[in-house]
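Worksheet: one structure, shown below.
Just so you know, ligand 1 is whichever comes first in the structure, and atom 1 is the first atom listed for that ligand.
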Amino acid sequence: MVLSGKLPISVLNVLLGGSPRDSQDLIVIAKFHSHTGRLTIALSFVQGYRGSVVYFRGVWYSGALMLAVITGGSRGIGESYARQLAARGYNLYLVARDAARLSAVAREIRATHRVLVEEIVLDLAQVDGAERLYAEVRSRRTVPVDVLVNNAGFGFHGEFADMPMPRIQDMLYLHLVTVTKSMRLFLPEMRERRSGTIINVASVAGFLPLPYISLYAATKAFMISLGASIGREAQAYGVIVQTCCPGQTVTDFHATAGFAEPRYAVGGVQTADEVVSDSLAALDHPREPLVTGLRNRLLVQLLRILPRGLVLRTAARHLKPS
Ligand SMILES: NC(=O)c1ccc[n+]([C@@H]2O[C@H](COP(=O)([O-])OP(=O)(O)OC[C@H]3O[C@@H](n4cnc5c(N)ncnc54)[C@H](OP(=O)(O)O)[C@@H]3O)[C@@H](O)[C@H]2O)c1
C-alpha cells in the first residue's frame, strides 16, 4: 500500500528515536505485534520539510507472519480454529481428506481475513500420516510453525464387537499414532525457539470408560494423559501443550459416528465457535486439561466423586444404541 502524508517532526522523533537529516532520508518504521503475529513495516522517503512538518512518500505493509497448522480444518471445530486464528492474523495450513470442502473453506477465509491459507489434502489415519504432514509443511513453509492443532478425529457408536476392523485401525492411527508422532516432530523446533503452542483436541469422553463409544473414549483418555505429561515437560521451554476437552458440540461428528440422533442430554452443548473461543482464551492462563464450557467442567468434577459402577451403568443406559 502506498503511504504518503505529513507528520510533525516531533512525532517522527518519537517514532524513530532521532529525526531525518535531509530530504533524501529514508524513514523505516517496523513493528511486530506479538499478540496478533502481525508485522507492520513502513518504508518512506522524506520529500521535504515545511516548518516543523515533514512530508513523505513510500510504502506500507502489514501482514501476518505467524503460522498455524490445523488438522481437520475443513469442518466443525477445526474450521472454527481456522477462522479464529486467521482473525488473530495467523497464516494457515489446513489439513483434511476432502479436497473440495477444504478448498472452499480456505478460499472463504483468505477473502475474509486476508491471510495466507494453504490446503494440505492428506489422510492422517495412516501409520506415516504425521511424517507426511511434517514433510509437506517443511517443504512449503517460510516461517516456523507457531501453532499446531491436532484436531482431526471421528467417533464410532455401537458395540465394540461390531466395530469394523478398518475403523478400529483408522481411529488408532489418527488419534494415537498421528497425534503422538506429530507432537514428537513439531515440538523440538518449538523447544529450540522457546515458543510455540500445540493444541490436542481430546474430549470429555476421555475422562471415563464409555460403553458403546469404548474405543473413542479410550483414545481420548490416552490423549489427555500424554498431553498432561508432555505439557509439563514443554512448560520449561515456554511451549504450551493444551489438551482441549469439549463436551457435546454441534458438528457433523455425531452423524459420522453413526448416532441415530445426537445425544445432547448430559453436560453442556456448545457450538464449535464457543469451544474454540474457550480454548484460545485459556492459552493465556493454561489449565491442563482444558474442559470447555462450565457445565462440562461441573460434569467432569462430578464424575471424579461418583462411584465408577454407577457412572458406567448410567453411561451404558444412555449410550446403548436403540
Ligand atoms: N463434536 C463433538 O461433540 C466433539 C466433542 C468432543 C470432542 N470432539 C473432537 O473434536 C475433533 C473435531 O471433531 P468435529 O466435531 O469438528 O467433527 P467433524 O465436523 O466431523 O470434523 C472432523 C474433521 O476431521 C477431518 N478428518 C477426519 N478424519 C481424517 C483423516 N483421516 N485425515 C485427515 N483429516 C481427517 C475431517 O475432514 P475430512 O473428512 O475431509 O478428512 C474434518 O475436517 C475430533 O477430534 C473429535 O473427537 C468432538
Q) Out of T249, V201, T219, whose heavy atom sits nearest atom 9 (C) of ligand 1? A) V201
Q) Looking at residues at least two apart in the chain, or sitting in another chain, which of them share a salt bridge (charged side-chain N to carboxylate O under 4.0 Å, His left out) with E159? A) none
Q: Under 4.0 Å from a heavy atom of A125: give me the atoms of ligand 1 that qualify, with their elements.
A: 31 (N)
Q) Where's the contact between D170 and ligand 1, heavy-atom distance under 4.0 Å: side chain, backbone, both or neither? A) neither
Q) Does ligand 1 have any atom sitting under 4.0 Å from a heavy atom of L122? A) yes
Q: For ligand 1, find out whether one of its N or O atoms is nearer than 3.5 Å to an N or O atom of F154.
A: no
Q: Kindly indicate whether the side chain of Y90, heavy atoms from C-beta on, has any atom under 4.5 Å from the side chain of D146.
A: yes
(Q) Let's go through R110 and E118 carefully: what are the C-alpha distance in whole Å and the side-chain angles of both, what is the deciding distance for salt bridge (charged side-chain N to carboxylate O under 4.0 Å, His left out) to 0.1 Å, and is it a yes or a no? (A) CA-CA 9 Å; R110 252 179 242 124; E118 291 202 18; over 6 Å; no
Q: Could you tell me if the ring centre of F259 sits under 6.0 Å from that of Y212?
A: no
Q. Is there a nitrogen or oxygen of S74 sitting under 3.5 Å from a nitrogen or oxygen of ligand 1?
A. yes
Q.
Does ligand 1 come near enough to I77 that some N or O of the ligand is less than 3.5 Å from an N or O of the residue?
A. yes
Q. At a 4.0 Å threshold, what atoms of ligand 1 neighbour a non-hydrogen atom of Y216?
A. 6 (C), 7 (C), 8 (N), 9 (C), 46 (C), 47 (O)
**Q.** Atoms of ligand 1, numbered as shown, that sit under 4.0 Å from any heavy atom of D98
**A.** 40 (O)
(Q) My understanding is that we take every heavy atom of each candidate and find the minimum distance to atom 5 (C) of ligand 1. Doing that for S203, G247, A82, which one comes out nearest? (A) G247
(Q) Checking contacts here: is it the side chain or the backbone of E79 that comes within 4.0 Å of ligand 1, counting heavy atoms only? Could be both or neither. (A) neither
Q.
Using a 3.5 Å cut-off on N or O atoms only, is H175 in polar contact with ligand 1?
A. no
Q: Mark yes or no: R191 above the aromatic ring of Y237, with NZ or CZ under 6.0 Å from the six-membered ring centre and no more than 45 degrees from the axis.
A: yes
Q) Does the pair E136/R132 count as a salt bridge with the N-to-O cut at 4.0 Å? A) no
Q) Hey, which atoms in ligand 1 end up nearer than 4.0 Å to a heavy atom of G76? A) 16 (O), 19 (O)
Q | Pair R184 + E131: basic N to acidic O under 4.0 Å | A | no
Q) Can we call the ring centroids of H175 and F154 under 6.0 Å apart? A) yes
Q. Counting heavy atoms only, which part of K220 comes closer than 4.0 Å to ligand 1: side chain, backbone, both or neither?
A. side chain
Q) Pick from C245, S279, P246: which one makes a side chain to side chain contact (heavy atoms under 4.5 Å, CB included) with L290? A) S279
Q) Which option, Q270, R97, H254, owns the non-hydrogen atom nearest atom 29 (C) of ligand 1? A) R97
(Q) My understanding is that only residues two or more places apart in sequence, or in another chain, count here; which of them pass side-chain hydrogen bond (donor to acceptor under 3.5 Å, both in side chains) with E79? (A) R83, R101
Q: Decide whether an N or O pair under 3.5 Å exists between L174 and ligand 1.
A: no
**Q.** Proximity to ligand 1 by part of A272, non-hydrogen separation under 4.0 Å
**A.** neither
Q: Check whether any side-chain heavy atom of T180 lies under 4.5 Å from a side-chain heavy atom of F222, and answer yes or no.
A: yes
Q: May I ask whether A202 has any heavy atom positioned less than 4.0 angstrom from an atom of ligand 1?
A: yes
Q: Pick whichever of V149, D252, V275, D123 has a heavy atom sitting closest to atom 19 (O) of ligand 1.
A: D252
**Q.** Test item: T243 and V201 side chains (from C-beta on) under 4.5 Å apart, heavy atoms
**A.** no
